[in-house]
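A, B, ... follow the sequence lines: proteins, then strands. Residue 1 opens every chain.
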Amino acid sequence: MQKDTQHLPKLVVILGPTASGKTGLSLTLAKKFNGEIISADSRQIFKKMNIGTAKPKGEWRWNGLRKTFFVEDIPHHLIDFLDPGKVFTVAEFRDKALKYTKMAYQAGRVPIIVGGTGLYISSVVDNYIIPRVNQNPKLRASLSEKSNEELLALLENLDPEAVKIIDVANQRRIIRALEVCILSGERFSKQRKKGDELFNVLQIGIDISREDLYRRINERTEKMMEDGLLGEAQSLLKQKYGWNLSSMNS
RNA sequence: GGUACGGUAGCCAAGUGGUAAGGCAGAGGUCUGCAAAACCUCUAUUCGCGGGUUCGAUUCCCGCCCGUACCU
């Protein structure tokens with residue numbers, strides 16, 4: 001059912017695969033319509049990882065009372081701000097992204113969400129209500145010693161509904177459901193919801209043929225090597241960021 | 001030239017006289033606190049080539065081609 005979203009604040013969303021030209025398009029639109037960019041890229045959030053993530057070149061400048069990353073004079077949010085040793089999650093993305101859209105409206109500007117991380121985008125476009133339970137490494141570790149069958153048995157006890165809605169072969173999902181139930185004392189299936197739409201969304205998908213895309217990715221990779229991808233990787237390794245960090249998966 | 005070992009999917013690789021494990025890559029799909037992730041499904045009518053033995057060979061035998069190591 002198509003809900004009437006005309007009265008809602010406007011939000012532009014640009015999504016597409018790697019190297020499809022999102023960055024270029026977003027800058028053009030932002031300049032034309034007084035926009036402000038919110039990056040939805042699970043890799044470009046990290047500092048010190050510039051070449052490998054194809055992060056657009058920019059600089060941190062004072063923007064009113066806060067420092068902001070500017071690319072060609074367009075403010076960018078949720079980019080180049082996190083230490084590569086840290087973990088970042090959808091929930092945090094959603095909270096921050098919503099905050100930045102609000103700030104953009106207050107400044108009379110149009111927020112433009114740009115990125116390749118689909119889940120991040122749907123978390124705000126589809127307004128996911130994500131259970132507010134932080135991840136608990138100890139609990140996760142102890143649960144992950146059990147088999148999926150044992151975990152499912154536990155979950156069946158705590159929240160039978162959850163067993164029906166999650167991927168029962170995916171241990172990560174079972175553990176998260178258990179984590180939410182155990183730590184909050186409430187059912188995971190009750191907390192995981194989709195809220196009403198928050199924005200009048202203009203979604204722009206970038207369509208590109210597979211051949212063109214592969215060609216562009218190859219060109220980009222060569223460019224990365226020229227720009228010193230290896231050097232960047234080595235310097236990160238030297239700073240004791242191991243290959244096992246989620247940020248190093250590129 | 002001789003001896004030894006090897007030649008299995010795009011790559012790596014197991015295997016058996018009875019009709020081809022697995023991993024990676026690739027394709028498709030799922031997704032609510034790790035999403036460039038995790039999970040699910042699919043992907044060799046065929047085992048270097050040609051003969052032979054056999055009911056049946058990728059597996060045994062013979063020849064050839066190619067690779068690697070060592071020897072003269």
Do the ring planes of Tyr100(A) and His77(A) sit parallel (below 30°), tilted (30 to 60°) or perpendicular (above 60°)? parallel

Would you say the base of rA37(B) and the side-chain of Arg173(A) have a donor-acceptor pair closer than 3.5 Å? yes

In whole Å, measure the gap between the C1' atoms of rA14(B) and rU72(B) for me. 37 Å

Nucleotide nearest Arg176(A) (side chain, heavy atoms from C-beta), chosen from rA35(B), rC40(B), rG33(B): rG33(B)

Re rU68(B): Watson-Crick or G-U wobble partner, both distances kept under 3.5 Å, found to be rA4(B)

Can you tell me, in whole Å, how much space there is between the C1' of rG26(B) and that of rC11(B)? 12 Å

Pairing partner of rU32(B), by Watson-Crick or G-U wobble and under 3.5 Å for both distances, is none

Below the 4.0 Å mark, does rU32(B) have OP1 or OP2 next to a side-chain nitrogen or oxygen of Arg192(A)? yes

Which nucleotide in the list rG33(B), rC34(B), rC39(B) gets nearest to the side chain of Glu92(A)? rG33(B)

Mind checking the P distance from rA25(B) to rG17(B)? Whole angstroms is fine. 33 Å

When both hydrogen-bonding distances must be under 3.5 Å and the geometry is Watson-Crick or G-U wobble, what is rA57(B) paired with, if anything? none

Which listed nucleotide (rC40(B), rG33(B), rA35(B)) is nearest to the side chain of Gln135(A)? rG33(B)

When the C1' atoms of rU43(B) and rA37(B) are compared, how many Å lie between them, rounded to an integer? 23 Å

Distance between P atoms of rC70(B) and rA57(B) (Å, rounded): 38 Å

I'd like the C1' distance from rU58(B) over to rU45(B), given in whole Å. 13 Å

Please report the distance separating the C1' of rC62(B) from the corresponding atom of rU54(B), rounded so that it comes out in whole Å. 16 Å

